[in-house]
A.B. asks: 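This structure is in structure tokens; I'll ask about it shortly.
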Amino acid sequence: MRNMKKSKVVLVRCDSYDEELVYSRLRAGIACLGGLSSFIQPDEKVLMKLNLVRDAEVERAVTVNPAIVVQRARIFAEDGFSHVKAGDSPGIGKGMAIMNRLGITDGLRKYGAEPAAFDEAVPVDNPGGIHAKHFMMARDVLEADALVSVCKMKTHALEHLTGAVKNQYGC
């Protein structure tokens, strides 16, 4: 087996979606990883890949909670990141409409981040691919230097737990 670098995973308890509590818990988790600058530089183009799935009330817990998105944008701004976008291509509906209704768009802009529509797909060649030699990917994803998954811990009809893996679907 070749030498593989192990990923770090941090779990931080957060008992509510109170924005200040979310902020402090996100800060604590990022600190455990060595701070943002240990894996992303402030001059990079950062894309927060959200998990919107479909339009639903926040209380239904179908999408990532807006407090998580907005407080993450706050942390990026405070740490000197000036090229931050956030978006998704939900399974049902339009990402911008969902972000607008949930208040995510205004929250992002408050901290200098830009909503990403994921409305333009670009062909990508994958000559070494086994199942697909070509596929389409959102231009917003391809233009980013760093992709930060802002996922929603949830279950799925076909799996007990999806974690963050399925959040890359929709790029």
Side-chain angles (χ1 to χ4, degrees), residues 2 4-10 26 29-30 33-56 62-154 156 159 162-171:
R2 67 178 186 255
M4 296 179 66
K5 185 177 179 181
K6 293 185 179 185
S7 297
K8 291 182 181 180
V9 175
V10 176
L26 284 171
I30 291 168
L33 294 171
L36 285 177
S37 63
S38 69
F39 46 94
I40 308 172
Q41 298 306 306
D43 61 338
E44 289 185 284
K45 295 176 189 171
V46 177
L47 176 65
M48 291 191 290
K49 167 57 173 78
L50 307 183
N51 191 220
L52 297 177
V53 183
R54 65 180 174 85
D55 197 5
V62 172
T63 68
V64 64
N65 190 285
I68 302 293
V69 178
V70 173
Q71 294 311 305
R72 217 173 254 188
R74 175 182 173 186
I75 290 169
F76 278 118
E78 289 176 352
D79 288 4
F81 289 78
S82 58
H83 307 291
V84 178
K85 289 184 174 184
D88 193 11
S89 176
I92 300 170
K94 295 286 187 185
M96 289 297 288
I98 295 169
M99 288 191 294
N100 285 334
R101 197 187 66 71
L102 294 176
I104 292 173
T105 302
D106 290 339
L108 290 170
R109 289 186 175 135
K110 177 179 177 181
Y111 294 109
E114 182 182 333
F118 278 51
D119 59 359
E120 185 182 351
V122 176
V124 175
D125 289 328
N126 185 33
I130 295 170
H131 296 290
K133 303 288 185 194
H134 311 280
F135 53 92
M136 303 298 284
M137 185 171 274
R139 180 176 297 282
D140 294 303
V141 173
L142 294 173
E143 291 177 349
D145 298 316
L147 182 68
V148 176
S149 185
V150 185
C151 59
K152 169 76 177 132
M153 185 67 77
K154 59 186 170 188
H156 188 273
E159 300 293 332
T162 62
V165 175
K166 284 186 72 233
N167 198 38
Q168 301 322 305
Y169 188 83
C171 286

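As the structure is a computational prediction, the values presented were derived from the model and not from experiment.
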A.B. asks: Identify the heavy atoms of V10 and G29 that sit nearest to each other, and give their distance.
C.D. replies: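 It is CG1-CA, 3.9 Å.
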A.B. asks: Roughly how far, to the nearest 0.5 Å, is the OG1 atom of T63 from the CD1 atom of I104?
C.D. replies: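 OG1 of T63 is found 6.0 Å from CD1 of I104.
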A.B. asks: Keeping the roles fixed (side chain from D88, backbone from L52), state whether a donor-acceptor pair exists under 3.5 Å.
C.D. replies: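 Confirmed, D88 side chain pairs with L52 backbone.
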A.B. asks: Report the distance from atom CE of M137 to atom OG of S89, rounding to the nearest 0.5 Å.
C.D. replies: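 Between atom CE of M137 and atom OG of S89 there are 11.5 Å.
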A.B. asks: Show the nearest heavy-atom pair for residues G80 and P42, with the distance to one decimal.
C.D. replies: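 The pair with the smallest heavy-atom distance is O-CB, 3.5 Å.
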A.B. asks: Show, in sequence, the C-alpha distance, side-chain angles and deciding distance for L47 and F118, and conclude whether the side chain to side chain contact (heavy atoms under 4.5 Å, CB included) test is met.
C.D. replies: CA-CA 11 Å; L47 176 65; F118 278 51; 3.8 Å; yes
A.B. asks: Quick one: CG on L147 to NZ on K49, what's the gap to the nearest 0.5 Å?
C.D. replies: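 The NZ atom of K49 is 8.0 Å from CG of L147, to the nearest 0.5 Å.
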A.B. asks: Quick one: pull up CZ in F76 and CD1 in I40 and give me the separation to the nearest 0.5 Å.
C.D. replies: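 It is 4.5 Å, given to the nearest 0.5 Å.
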A.B. asks: For K110 and V70: C-alpha separation, side-chain torsions, deciding distance, then whether side chain to side chain contact (heavy atoms under 4.5 Å, CB included) applies.
C.D. replies: CA-CA 9 Å; K110 177 179 177 181; V70 173; 5.7 Å; no
A.B. asks: Keeping N65 on the side-chain end and A67 on the backbone end, is there a donor-acceptor pair under 3.5 Å?
C.D. replies: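 At least one qualifying donor-acceptor pair exists.
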A.B. asks: What are the two closest non-hydrogen atoms of P90 and I98, and how far apart are they?
C.D. replies: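 Taking P90 first and I98 second, the nearest heavy atoms are CG-CD1, 3.7 Å.
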A.B. asks: Just wondering, do V84 and Y111 contact through their side chains at under 4.5 Å, heavy atoms?
C.D. replies: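 Side chain of Y111 against side chain of V84, heavy atoms only: no contact under 4.5 Å found.
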A.B. asks: When you measure from the side chain of R101 to the backbone N and O of A56, does any donor-acceptor pair fall under 3.5 Å?
C.D. replies: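 Confirmed, R101 side chain pairs with A56 backbone.
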A.B. asks: Which distance, rounded to the nearest 0.5 Å, do you find between the CG of D43 and the NE2 of H83?
C.D. replies: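 So the gap between those two atoms works out to 7.0 Å.
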A.B. asks: Hey, does the side chain of T105 reach the backbone of P115 with a donor-acceptor pair shorter than 3.5 angstrom?
C.D. replies: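 No, T105 side chain to P115 backbone: no donor-acceptor pair under 3.5 Å.
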A.B. asks: Side chain of D145, backbone of K45: donor and acceptor closer than 3.5 Å?
C.D. replies: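 Yes, because the side chain of D145 sits within donor-acceptor range (under 3.5 Å) of the backbone of K45.
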A.B. asks: Do D125 and K133 meet the salt-bridge criterion of a basic N to acidic O distance under 4.0 Å?
C.D. replies: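 Looking at D125 together with K133, the answer is no, because their closest N to O distance does not fall below 4.0 Å.
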A.B. asks: Start with the C-alpha gap between R72 and L26, add the side-chain angles, then the distance that decides, and say whether side chain to side chain contact (heavy atoms under 4.5 Å, CB included) holds.
C.D. replies: CA-CA 7 Å; R72 217 173 254 188; L26 284 171; 3.9 Å; yes
A.B. asks: Just how far is it from atom CD of E114 to atom CE of M48, taken to the nearest 0.5 Å?
C.D. replies: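 It is 11.5 Å, given to the nearest 0.5 Å.
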A.B. asks: Are D119 and M96 close enough that some pair of their side-chain heavy atoms sits under 4.5 Å apart?
C.D. replies: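 No; the side chains remain at least 4.5 Å from each other.
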